[in-house]
Number of protein chains: 2
Amino acid sequence: MTIADIAAATGVAVSTVSRALSRPSRVSAATRERIQAVARELDYVPHPPARALASGRTGTVALVVSDVTNPFYFGMIRGTQQQLTAAGYAHLLIDTEDSGEREVEMLHTMRRSLDGAILGASRLPARALVALAAEIPLVTVNRNVRGVPSVVIDTPAGIAQAVEHLVSLGHRDIVYVSGPAQSWSNQARWQAMRTALERHSLGAQRVGPFPSGRGSGSAAADAVLNSGATACVAFNDLFALGMLTRLRERGVRVPADLSVVGCDDIFGADFSNPPLTTLTAPIEQAGRMAVSLLVSRLDPRAPQPVRRTVVLPTYLTVRESTGSLTA
Amino acid sequence: MTIADIAAATGVAVSTVSRALSRPSRVSAATRERIQAVARELDYVPHPPARALASGRTGTVALVVSDVTNPFYFGMIRGTQQQLTAAGYAHLLIDTEDSGEREVEMLHTMRRSLDGAILGASRLPARALVALAAEIPLVTVNRNVRGVPSVVIDTPAGIAQAVEHLVSLGHRDIVYVSGPAQSWSNQARWQAMRTALERHSLGAQRVGPFPSGRGSGSAAADAVLNSGATACVAFNDLFALGMLTRLRERGVRVPADLSVVGCDDIFGADFSNPPLTTLTAPIEQAGRMAVSLLVSRLDPRAPQPVRRTVVLPTYLTVRESTGSLTA
DNA sequence: TCGGCGGTGACAACCGTTTGCCATGTGTTG
DNA sequence: CAACACATGGCAAACGGTTGTCACCGCCGA
């Protein structure tokens, strides 16, 4: 079942069929209807690879994550999935296993079968990112590099709120639980933490870095306890959640003995024990935005100068893992 | 950069280059090395659509889920992702939004750009499933239909364990919290529940059905409370988790007043309040198995008669949401 | 009545591979 | 030494569309 069959059945040329199907305005209403009717009747379905070969467009966009296992990405996956489907694109999922090289290699290899890609937390150095962007349309999430459109979740601004919250509860020794060193977000958060504490003339200390994953929570909890701090802000909720269970094991009461703040508000943060105070990030929306940015850039008949970088606000969700010290 | 360029640079025919790159044994070692060297030097990357057009193989497998939002699928995504990457396939993600029609339509449309698909909990009636399987290589998960290879997680067997556990704790009124009516798994679980209770000469009651999603937990909790039961088994962890927070709101103590058992052991079941007793399902492994089944079926030079359906065992993980009644 | 014009549809080249078939050259066997 | 088998590599035809170019149509105004 090819357009040739349809052409034969309709008595027109294949080119006409092709146009009737993909650029309907280029063909008279009568012919168009006739062709479409026949196509429907014969249950014709276009052959994507053939189409891609001829046109260069594949109708596929990849979401690149560093670790599918991380619940943070679940939100992204949802967001991109929704928006891509809405825009008629297929959704490819790539896991780079935290390796920048793999990221480049994968994308490089697949660039011809992709119309574009969304990088959810790239591990790439800026120049490599720019180089990659020259090969294939890119949009980054939580990573801001000149020349590459991006959507960033403004967690740093939220960090200020979190610090405010903790200080107002009487905390003076607040420690940051550091994530992977190469993580852009991690650095941004730590930076924000320092300036926020400085505003209150408080010193900033940190523990870590720890590798991502809930497992890091145990080591992190111990380190925090060791630091003598009375409150901490964790790089992300996964850490915070991990800490919570470790603290419980060690008999440390949260928040009576130690307050814990997470980042992102991932699935589970609301029903943990205790429920986690965290910086709620519009992750899903970020995914949707990223797709919108990409798709509009892909559309040839679009007003090109789209905003290159959009920042999404974050807010503090206070639950039960923070409170005043109970001596 | 095409194989033609390489052919020119090497002084051989394009066909030779093609073979050197995709079926290395078909070409002498010397020529092969030479070609590969040139290819590497010129940074040649094959053009997937062209390859797909000519060969009919796309190197892409789709994972079809009814709702990316459901944490149950996170595990599947992980499993398939791992195994597909290992086997050199790209991973397409399709969300059918719980609609069987959409399931068929999507797969029908994309069948030419897919080498196969994994159906994670299909909503399709048996005959439609078989029809679809004729169009494109399929493997189902948690859905057993004659003629379609599948991997099923034997939660029903686990249910028996769960009932055993509850009965041994002294429970006599145990209710099943029913999931979506069209769900195959739901029916299987309810069935298992009945026979398990029967073995103890206990009657089986159920509440529901409830639509999937954690939100259903509230209604479910109320219904269970209303039923007068002292313990319940929920269709899945999402329900159970939702119930837990609802019960907490209502001041019902778990497990002192009510024991709850979930199914699947998804992310979060271990750190909820209280941690959930649940039927641990090897979801990730199921994903991997499904891919293995599919891939081996796709491989022309494979011992064809693979086992058509594999069942994975489930076991009860006792945590703190179950216990004896404290009058 | 004729030249020109906008709109419609046909022709054919091309996209980058794979692969069946065949010619050549080499080594093996009787 | 002849005949044969086999390994190797070349030719060219697909695969199923898209799209630039052009011929043709009827219609308009001059």
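Letters A, B, ... mirror the listed sequences (proteins, then strands); counts begin at 1.
- Screening Thr80(B), Thr60(B), Thr85(B) for a side-chain hydrogen bond (donor to acceptor under 3.5 Å, both in side chains) with His91(B), the sole residue that qualifies is Thr80(B).
- Straight-line distance from the CG atom of Leu21(A) to the C1' atom of dT18(D): 12 Å, rounded to whole Å.
- Note on Arg57(A): only backbone sugar-phosphate atoms sit closer than 4.0 angstrom, heavy atoms only; bases stay farther off.
- With hydrogens and angles ignored, the 3.5 Å screen pairs no side-chain donor or acceptor of Gln285(A) with any backbone N or O of Gly79(A).
- Leu84(A) contributes atom CG, which lies 10.5 Å from atom CG of Asp115(A) (distance to the nearest 0.5 angstrom).
- Close approach of DNA chain C to chain B, defined as any atom under 4.0 Å from a non-hydrogen atom of the protein, starts and stops at dG16(C) to dG20(C).
- Between Met1(A) and Ser28(B), the residue whose closest nucleotide on DNA chain D is further toward the 5' end is Ser28(B).
- No engagement by Pro49(B) is indicated, since no non-hydrogen atom pair under 4.0 Å with the nucleic acid exists.
- Ser18(A) comes within 4.0 angstrom of a base, heavy atoms only.
- Regarding Leu53(B), its CG atom lies at a distance of 4 Å from the C1' atom of dC15(D), rounded to whole Å.
- Counting non-hydrogen atoms of other residues, nucleotides and ligands closer than 6.0 Å to CD of Glu101(B) gives a total of 12 or fewer.
- The base of dG10(D) sits with one of its N or O atoms less than 3.5 Å from a complementary donor or acceptor on the side chain of Ser15(B).
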Exercise. Could you go step by step and tell me if Arg78(A) and Thr69(B) meet the side-chain hydrogen bond (donor to acceptor under 3.5 Å, both in side chains) rule?
Worked result: CA-CA 6 Å; Arg78(A) 271 181 228 159; Thr69(B) 263; 3.3 Å; yes
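- Listed pair Ser55(A) / dG17(D) fails the phosphate criterion, with no side-chain N or O lying under 4.0 Å from OP1 or OP2.
- For dG17(D), the base has no donor-acceptor partner in the side chain of Arg19(A) [N/O atoms by modelled type, under 3.5 angstrom].
- Closest to the side chain of Ala54(A), out of dG10(D), dT18(D), dC15(D), is dT18(D).
- In this structure, Ile3(A) places its CD1 atom 10 Å from P of dG16(D), rounding to the nearest Å.
- Distance CD1/Ile136(B) to OG/Ser113(B): 8.0 Å, rounded to 0.5 Å.
- Between Arg51(A) and dG16(D) there is no side-chain polar atom (N or O) within less than 4.0 angstrom of OP1 or OP2.
- Remark: Leu63(B) CG to Met76(B) CE distance equals 5.0 Å, nearest 0.5 Å.
- Following rounding to the nearest Å, His47(B) (NE2) and dC15(D) (C1') show an atom-to-atom distance of 14 Å.
- Between the CD1 atom of Ile3(B) and the CZ atom of Arg51(B) there is a distance of 9.0 Å, given to the nearest 0.5 Å.
- By the 6.0 Å contact criterion, CD on Glu97(A) is enclosed, its count of non-hydrogen atoms from other residues, nucleotides or ligands being greater than 12.
- Note on the helix from dT1(C)-dA30(D) to dG30(C)-dC1(D): terminal axis deviation equals 40°, with five pairs used at each end and the result rounded to 10°.
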